[in-house]
> 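Take a look at the following structure, please.
These figures come from a predicted structure and were not determined experimentally. So you know, we letter chains A, B, ... as the sequences are listed, proteins then strands, and number each from 1.
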Amino acid sequence: MNESDTSRHFLRQWIEKDVADGKTGGKVVTRFPPEPNGYIHIGHAKAVCVDFGMAALFGGECHLRLDDTNPAKESDEYAENIKKDIRWLGFQWSGDGDGVESGFYNASNMFDKMYEIAENLIKRGQAYCCNLGQEEWKEYRGTPEKPGKPSPSRDTDPERNLKIFREMRDGKYADGEWCLRAKIDMSSPNIHFRDPVLYRIRHVAHYHLGEKWCIYPMYDFAHPIEDALEGVTHSMCTLEFEVHRPLYDWVVDRLDEMGMLVERGGVKIRPQQREFARLNLTHTVMSKRLLLQLVTEGRVNGWDDPRMPTVCGMRRRGYTPGAIREFCERVGVSKVESESEGALLEWCVREELNKTALRRMAVLDPVKVVIDNFEGVREVELPNNPLDESALTRKIPFSREIWIDRSDFMEVPEKKFFRMFPGGEVRLRGACIFKCSHAVKDDAGNVVEIHGTWDPGSWGGNAPDGRKVKGTIHWVDAATGVKAKFRLYEQLFTAKDPLKDGSERFLEHMNPDSLCEKEGFVEPLLGTAAPGERFQFERTGYFVADEKDFSPSSPVFNRTVTLKDSYKPA
RNA sequence: UGCCUCGUGGUGUAAUGGUAGCACCGCAGAUUCUGAUUCUGCUUGUUGGGGUUCGAGUCCCUGCGAGGCAACCA
């Protein structure tokens with residue numbers, strides 16, 4: 001990615017201007033703030049690319065901050081996997097790798113500061129404790145069309161508020177009994193200004209801090225504080241937070257009044273929030289809740305199921321970090337809610353793998369071919385990657401009996417089928433020209449064995465008389481081929497938008513054929529592949545040795561993506 | 001019917017008052033020992049109406065459409 005390739009989208013122009021205006025104190029600082037309550041998916045990957053990408057573009061830094069302000073749903077397992085996935089995507093926060101991790105933050109590490117700020121707000125008469133119940137709360141808040149009305153506690157004096165707030169902290173009250181609210185404007189057209197809740201009581205242990213707190217800050221209060229205290233200059237998030245922005249600015253203003261904004265290069269750093277459209281992908285769902293449902297109901301085999309849009313799922317599928325980054329670059333950044341096509345992601349994957357994946361031959365649905373006039377064993381030499389000479393070549397044994405794919409044979413060829421059929425000639429990739437004589441069938445009419453002869457003058461693949469053979473098919477030597485399992489993946493959902501009938505009915509759109517398991521043979525070399533290693537199986541697709549289930553004695557390959565196929569029977 | 005945001009080919013995005021461009025998808029052809037790759041060509045677009053301007057996708061007004069906001073979630 002160089003500068004001219006990068007789109008000059010509105011966020012970039014925004015930051016450019018702030019840098020020019022000297023607002024950043026010499027360093028652009030962004031942040032990626034996931035909540036550790038699930039695995040990150042391709043949608044988060046776009047945010048990671050934007051957050052880390054913009055920082056890198058301006059020579060600044062991007063913090064990884066776990067926004068762990070709601071202990072009810074968060075866990076260390078999620079936290080660790082988020083870090084792993086971001087590293088895998090190819091991004092680094094300051095100090096990652098040398099154990100310092102100065103660019104890594106937990107929101108929960110700022111709880112002391114947040115509490116102090118909350119007390120300050122109370123003392124300044126800008127926040128108060130409120131004990132409205134759920135129902136009353138709703139009634140007092142009003143609706144978007146109707147202004148709210150003040151809580152009876154709105155004008156309690158700071159002294160008493162401070163006392164109650166400390167009692168909240170000390171565990172004197174039950175969940176929901178009291179909360180701390182900002183004192184702003186109950187009649188604002190923006191509901192987030194109607195005295196929003198700043199702190200709520202939650203008698204729940206925090207995965208990171210244990211029992212230290214029983215009150216926890218709300219996102220709208222915590223986020224601007226985190227940004228400000230970390231010296232973040234540009235805080236980018238998704239569109240639904242646009243309405244929260246005035247509140248974000250309100251908190252930053254209060255921090256400014258309290259003299260709590262950090263200074264850098266003689267400049268007071270005022271964090272600013274801007275919003276861009278989240279990534280949506282066709283034929284999948286992106287909501288953490290729905291993905292969790294797929295996992296817990298066993299509709300897929302875990303968060304890292306290769307059909308999942310999670311980063312760990314895509315990794316297991318064989319997608320590359322580079323392809324994912326390229327995809328995020330290509331879909332662009334804007335404020336238009338849109339749905340990108342999965343085809344573009346697949347194109348990015350093929351684009352990279354075509355250049356880098358070693359070529360191999362694998363037969364997924366084997367049928368035996370006997371070359372009646374072939375004797376002994378010969379060796380075929382083929383390039384590991386015809387696009388990259390430095391990848392060198394490999395040698396593959398070839399003998400009288402081989403496996404080919406069932407789909408490469410037709411007893412009665414249709415028009416424009418130029419693979420194997422009785423009476424026709426086909427090239428066996430890298431080996432020779434073969435003329436099929438007949439097929440042996442079982443009682444049910446299934447082809448069980450194909451016979452024919454080779455042209456002894458054609459070793460290497462070219463006819464001695466220069467005659468053209470249009471079709472070339474792949475094969476695996478039966479004597480030395482290695483048995484292998486293949487997992488063929490397709491879209492998890494048949495509908496472009498699985499949520500079109502509402503999220504409660506999205507399961508109805510699941511693709512029953514999203515996973516198809518096959519058993520066949522691969523060329524001998526593949527028995528020693530490393531888990532996670534990616535290949536192109538010629539004429540078939542890109543595959544990866546499964547990172548969990550592959551072993552030399554029982555090779556398992558996941559299909560990453562098929563090769564483009566322009567074969568259309570006439 | 002409150003407030004906020006957004007409408008450019010099938011999809012995603014560019015054009016920042018001056019020739020509507022790029023990519024993916026699709027289609028057609030060339031090359032090819034992968035029906036892949038590569039190469040060439042093609043189809044398809046500014047939400048309607050009014051206004052400002054020499055000139056509007058861009059600015060203004062208005063209609064239409066889409067989305068967001070009424071968790072003590074993030």
> Rounded to whole Å, please give me the gap between OH in A/Tyr567 and C1' in B/A36.
16 Å
> Enumerate, atom names and distances included, each donor-acceptor pair closer than 3.5 Å involving a side-chain atom of residues 337-347 of chain A, sequence neighbours excluded.
none

> Using a 6.0 Å distance limit plus a 45 degree cone around the ring axis, check whether A/Arg419 lies over the aromatic ring of A/Tyr567.
yes
> Could you go over nucleotides 20-24 of chain B and give all protein N or O partners under 3.5 Å, atom names and distances?
from, atom 1, to, atom 2, distance (Å)
B/A23, O2', A/Arg330, NH1, 2.6

> Can you name the ring pair (Phe, Tyr, Trp, His ring centres under 6.0 Å) partners of A/Phe537, sequence neighbours left out?
A/Phe543, A/Phe557
> Measuring only the C1' atom in each nucleotide, how far is B/C72 from B/A15? A whole number of Å is fine.
47 Å
> I need the residues from residues 534-544 of chain A with at least one non-hydrogen atom less than 4.0 Å from RNA chain B; give them sorted by number, or say none.
A/Gln536, A/Glu538, A/Arg539
> Considering only the P atoms, how many Å lie between B/A14 and B/G51, rounded to the nearest integer?
30 Å
> Output side-chain donor-acceptor pairs under 3.5 Å for residues 143-151 of chain A, partner residues at least two apart or in another chain, one line each.
from, atom 1, to, atom 2, distance (Å)
A/Thr143, OG1, A/Glu145, N, 3.3
A/Thr143, OG1, A/Glu145, OE1, 3.4
A/Thr143, OG1, A/Lys146, N, 3.1
A/Lys149, NZ, A/Glu139, OE2, 3.1
A/Ser151, OG, A/Ser153, N, 3.0

> Is there any salt bridge (charged side-chain N to carboxylate O under 4.0 Å, His left out) pair reaching into residues 174-188 of chain A, and which pairs are they, with sequence neighbours excluded?
A/Asp155-A/Lys183
> Please evaluate the base of B/U32 for a donor-acceptor partner in the side chain of A/Lys470 within a cut-off of under 3.5 Å?
yes
> Holding to ring pair (Phe, Tyr, Trp, His ring centres under 6.0 Å), I want the full list of residues that pass it with A/Tyr199, two or more places apart in sequence or in another chain.
A/Phe165, A/Phe221
> Which side chain to side chain donor-acceptor pair (under 3.5 Å) pairs, counting each pair once, include a residue from residues 462-472 of chain A, with sequence neighbours left out?
A/Glu425-A/Arg467, A/Arg427-A/Thr472, A/Asp455-A/Arg467, A/Asp465-A/Arg467
> List in chain and number order the residues that pass side-chain hydrogen bond (donor to acceptor under 3.5 Å, both in side chains) with A/Thr393, two or more places apart in sequence or in another chain; answer none if no residue qualifies.
A/Glu381
> Mind checking side-chain hydrogen bond (donor to acceptor under 3.5 Å, both in side chains) for A/Arg202 and listing every partner two or more places apart, or none if nothing turns up?
none
> Verify the contact: side-chain N or O of A/Ser566 to OP1 or OP2 of B/A36, cut-off strictly under 4.0 Å; return yes or no.
yes
> Assign a letter to each nucleotide of nucleotides 69-74 of chain B from its 5' end: B, base within under 4.0 Å of a protein heavy atom; S, sugar-phosphate only; -, no contact.
SBSBSB
> Should stems be defined as at least three consecutive Watson-Crick or G-U pairs with both distances under 3.5 angstrom, which of them involve RNA chain B?
B:2-7 with B:64-69, B:10-13 with B:21-24, B:26-30 with B:38-42, B:47-51 with B:59-63
> Checking side-chain contact (heavy atoms from CB on, under 4.5 Å) between A/Ile402 and each of A/Leu428, A/Val476, A/Val363, which is the one that passes?
A/Leu428
